[in-house]
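For the numbers below, each heavy atom of this structure counts, side chains included, while hydrogens, waters and symmetry mates do not.
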Amino acid sequence: MMKRLGIFLLFATLVFVRTVSFGQEVPLEKPQIEVKAGTGQTKESVYEEYEEFVKVVKELQDKYVDEIKINTILVNAYRGMLSGLDPYSQYFSPEDMEDLKIETEGEFEGLGIEVIVKEGLLTVITPLLDSPAFKAGILVGDRIVKIDGETTENMSIRDAVKKLRGKLGTKITLTVVHEGDTTPTDITIERAKIHVKSIRGARMVDNDYKVGYLAVTNFQENTVRDMDAAIQDLLKKGMKCLVLDLRFNPGGLLNVAVDMADKFLDRGVIVSTKGRDKTQNYVYQAHKQGTYPNFPLVVLVNNGSASASEIVAGAIKDHKRGLLLGIKTFGKGSVQSLIPVGEGKAALKLTTARYYTPSGICIHEKGIEPHVKVPLNFTETKALHEHLAMINIETKINESKVNEVKGTETVLKGTVGAKEKPQYIDMQLERAIDIMKGIEVYAKRSGSP
């Protein structure tokens, strides 16, 4: 059973998959449907509701101005049923399933933003780093009020996705209202090929105190393997403490989040899931084998850290393995299952459980508060977006400079050209580094190893 926590992503959405049997031979004239009456309902009243549904379908077929195929009516009905539940439950038609398969391969064409419908508004969870949307200035929490001039009011996620998708090189104009602002802004974006990379910016951010850094942008199949390679490389370079950056990370595969947290914890509960169906109840435990050394750890989080990111952050916080720094996380604590229907050609992405941190807290719609709060205003957040987009580029430049200067193991901050603009200062990262320095100084004075 593959599991995943996922917000509907324009670039990729993998939810954990639940195994369902196919090909059962059921006589068509006697469909074996179990009708469950809800609270205060009898089976007779439920059947009456079914009869009304059939009548509505017949009226649509007979009297709508244009002829409608029964499949179109039913697909719209399925989508309507699920859209009324929560922002995450959806119906995937066979066509949608093909799109989902393409999107989840890690490379696709589009804008690179993750959205949900929140309080009736199409809202950006976070733009994918390096994506066209990111570079164009789309920010966490932006409300998309128009797409190419058409209002998004009452627009479903699927309809929005169809409008946002398009061929490579084509342009789209989004009218957005930035969080905390009231004036709409038109942002034109050119669609491009999106490459999803999980690990970025792995480097030493302070060579005197041996502070390592790496950012995890999402949770894919290879994320833990890539993270492990990066951390082992930093350890070889003498890393004594680590800053793990989960800012703007919207989540991904549940099992990958568990495996990542397991790397930092040697025992105890990592996360548990609970649903109405007992098969959704599960407790994930940490294991000692493969655990990293107990180096000091600071995890950077913000309101773009969601779902699987919050599993890792919550486990580290509850087990007192490290400090969380930044601002409160998004608060996406529900689990979706991809349930095949229609002979496996279509599927329901249905919220089937909620997840709980080791201390038993469900953070859904609440988020996780960091130990150390370092808030950013709008201008600072926008500058941070621009800075993070350059992390890999600057790292490669610095590595090239190191190779050019024999016997030099470090490159001083800001040495990217005398006439270039002043180096951006990531206040949250700098605060994390200061904390690490303090821990190292205290350890030396107290004689700790």
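N249 and S309 share a side-chain donor-acceptor pair at under 3.5 Å. Between the side chains of D226 and S198, no donor-acceptor pair is found at a separation under 3.5 Å.
Within the 3.5 Å criterion, the main-chain N or O of S89 finds a donor-acceptor partner in the side chain of D86. A donor-acceptor pair is defined here as one N or O able to donate and one able to accept, closer than 3.5 Å; no such pair exists between the side chain of S337 and the backbone of I339. A donor-acceptor contact shorter than 3.5 Å is absent between the side chain of T273 and the backbone of Y355.
Residues satisfying the side chain to side chain donor-acceptor pair (under 3.5 Å) test with D159, not counting sequence neighbours, are S156. Residues passing the ring-ring contact (aromatic ring centres under 6.0 Å, His included) test with F295: none are found, sequence neighbours excluded. Annotation: side chain to side chain donor-acceptor pair (under 3.5 Å) contacts of R79 (sequence neighbours excluded): D96. By the salt bridge (Lys or Arg N to Asp or Glu O under 4.0 Å) test, K146 pairs with no residue at all, sequence neighbours left out. When the ring-ring contact (aromatic ring centres under 6.0 Å, His included) test is applied to Y356, no partner is found at least two apart in sequence or on another chain. Annotation: salt bridge (Lys or Arg N to Asp or Glu O under 4.0 Å) contacts of E369 (sequence neighbours excluded): K373. Under the salt bridge (Lys or Arg N to Asp or Glu O under 4.0 Å) criterion, K263 pairs with D228, sequence neighbours left out. Partners of K163 according to the side chain to side chain donor-acceptor pair (under 3.5 Å) rule, which considers only residues two or more places apart in sequence or in another chain, are E150. Not counting sequence neighbours, the partners of H178 by the ring-ring contact (aromatic ring centres under 6.0 Å, His included) test are F378. Every residue was checked against the salt bridge (Lys or Arg N to Asp or Glu O under 4.0 Å) condition with D142, not counting sequence neighbours, and none meets it. Residues meeting the side chain to side chain donor-acceptor pair (under 3.5 Å) test with D148, sequence neighbours left out: none.
Note on residues 315-326: no pairs pass salt bridge (Lys or Arg N to Asp or Glu O under 4.0 Å), not counting sequence neighbours.
Here D426 pairs with R247 in a salt bridge; the nearest charged N to carboxylate O distance falls below 4.0 Å.
T188 places none of its side-chain heavy atoms less than 4.5 Å from the side chain of I172.
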